[in-house]
Protein chains: 2
Amino acid sequence: MRKADEEAVTGTKEKILDSAQYLIQTRGYSAISYAHIAEKLGIRKASIHYYFPSKADLGVAVVERYTAMFEAALAQVLENEDLTNRQKIEAYFQPYRDYADEPEMVCLCGALAGEFSALPEEMQARTRQFFLSHQNWLKSVLTVGEENREFRLPGPPGKFARMMFAMLQGALLVKRSTGDISQMDDVIEMLRGQIVS
Amino acid sequence: MRKADEEAVTGTKEKILDSAQYLIQTRGYSAISYAHIAEKLGIRKASIHYYFPSKADLGVAVVERYTAMFEAALAQVLENEDLTNRQKIEAYFQPYRDYADEPEMVCLCGALAGEFSALPEEMQARTRQFFLSHQNWLKSVLTVGEENREFRLPGPPGKFARMMFAMLQGALLVKRSTGDISQMDDVIEMLRGQIVS
DNA sequence: GTCTATACAAAGATAGAC
DNA sequence: GTCTATCTTTGTATAGAC
């Protein structure tokens, strides 16, 4: 029995996740409600509870899907032997550049970080895991690139990875608050300049 | 008639602001309520409404006080002719280093940035102003320091200022989510290394 | 699987006594 | 200036019909 037999092609469950994710990325988790999502989708609140009994269940599912998507994408980039390590770093920049063009969008986990202590524990754990996993990914690409003499860094790969990640996340938040899209380009340009060929 | 005649030495109004600020910095604006603050202070919700009729009034007052405090402190550092520009930058790092030791603290405006679109308009405006003003302060110190040949930067002062600011704000958020205090030290150390004497 | 109806608590806010 | 009492709306959640 296929999923398609139980749900429409674009399943309600996925529509709920999409809508919830968008709302969390723009407004945060604490500020959203079943009513907001229901209204956006033209369904009833009770239908959301059918798929996600509690708000925590919904929140966890959103973060879980988001982090899994990145996990898969980053693994694929890492394994791709056609890419130089510099190209892998450029690939990492891409989602940040995409968010830069959406005036009220930041990284899901960047938004959640601002209200961290108010989140259900499992959302905290997955957000934490997202941050650690991205920093580790960057560290490994930077380490190999430097070992290959592909580029040099102004510091240890681990610390440079932390710096990069904090900068990109911070820049998205500053970009949205100031409304100045060039923030992202400036920051990424500076970053590129520090990875010296 | 002095303020002291109307209010106790440690006025209720200030206690409310302190408590609200702490709660916003840890949990975010959307997640806090009059009930939380009232319970913490051992007073009734109605007493808070006496000083701050609406939640937006309270939120605006908190951000206003926070930004004014920084405005004054940064102006004083800027005018202090006994400090080198590098020392002024070090002074800028200090509050971030202080927050690093408080496991669940981030910058007030960093927390607000995560839920930006859910904030009352005046809170948005003041958060935006905070970001712009800090970036401009950094830019001016960096510009003068470079003109004086006190140090050199790996890029234009304006872009370096943006990078620094995004990095510091991002690092606080990552620090809290991962629980790893060394995040802040690593980032600040990298930053120092890039301001070359 | 989606709906209506409803329960229950929390949140934001006001009126008026003291 | 702080309290009690109260109101209204919203948010989360469940029961049960269709």
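In the text below, chain A, chain B and the rest are named by the order of the sequence lines, each starting its count at 1. All figures in this text were calculated on a predicted structure; none of them were measured in a lab.
Here the side chain of B/His36 is nearest to one of D/dC3, C/dA11, D/dT12, namely C/dA11. Among the nucleotides D/dA15, C/dA11, C/dA13, the one closest to any side-chain atom of A/Ala46 is D/dA15. Checking C/dG12, C/dT2, D/dT4 against the side-chain heavy atoms of B/Arg44 singles out D/dT4 as nearest.
Close to D/dT2, at under 4.0 Å from its OP1 or OP2, lies no side-chain N or O of B/Ser47. The side chain of B/Tyr50 places an N or O atom within less than 4.0 Å of a non-bridging phosphate oxygen (OP1 or OP2) of D/dG1. A/Thr12 has no side-chain polar atom (N or O) that falls below the 4.0 Å cut-off from OP1 or OP2 of C/dG1.
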Carefully, step by step, assess A/Glu104 and B/Phe116 under the rule side chain to side chain contact (heavy atoms under 4.5 Å, CB included).
-> CA-CA 8 Å; A/Glu104 33 173 38; B/Phe116 194 75; over 6 Å; no

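Map B/Lys45 and B/Gly42 each onto its nearest nucleotide of DNA chain D; the residue landing nearer the 5' end is B/Gly42. Projected onto DNA chain C by closest heavy-atom contact, A/Ile43 and B/Ser30 fall at different nucleotides, the more 5' of which corresponds to A/Ile43.
Residue A/Ile37 contributes atom CD1, which lies 14 Å from atom C1' of D/dA13 at whole-angstrom precision. Distance A/His49 NE2 to D/dG11 P: 11 Å, rounded to the nearest Å. We find that CG of A/Asp57 is positioned 13 Å from P of D/dT12, with the value rounded to whole Å. For the pair B/Phe52 CZ and C/dA11 P, the interatomic distance rounds to 19 Å; values are reported in whole Å. For B/Glu39 and C/dA10, the CD to C1' distance is 13 Å, given to the nearest whole Å. Rounded to an integer number of Å, the gap from A/Arg27 CZ to D/dG11 C1' is 14 Å. One can place OH of B/Tyr34 at 17 Å from C1' of D/dT6, the figure rounded to the nearest angstrom. One atom, NZ of B/Lys55, and another, P of C/dT14, lie 15 Å apart when rounded to the nearest Å.
Under 4.0 Å is where a charged nitrogen must lie from a carboxylate oxygen, and between B/Asp185 and A/Arg162 no such pair does.
A donor-acceptor pair under 3.5 Å is formed between the side chain of B/Gln87 and the backbone N or O of B/Thr84. Using a distance-only test at 3.5 Å, with no hydrogens or angles considered, a donor-acceptor pair links the side chain of B/Tyr34 to the main chain of B/Ser54.
Atom CD of A/Glu39 has 12 or fewer heavy atoms from other residues, nucleotides or ligands within 6.0 Å.
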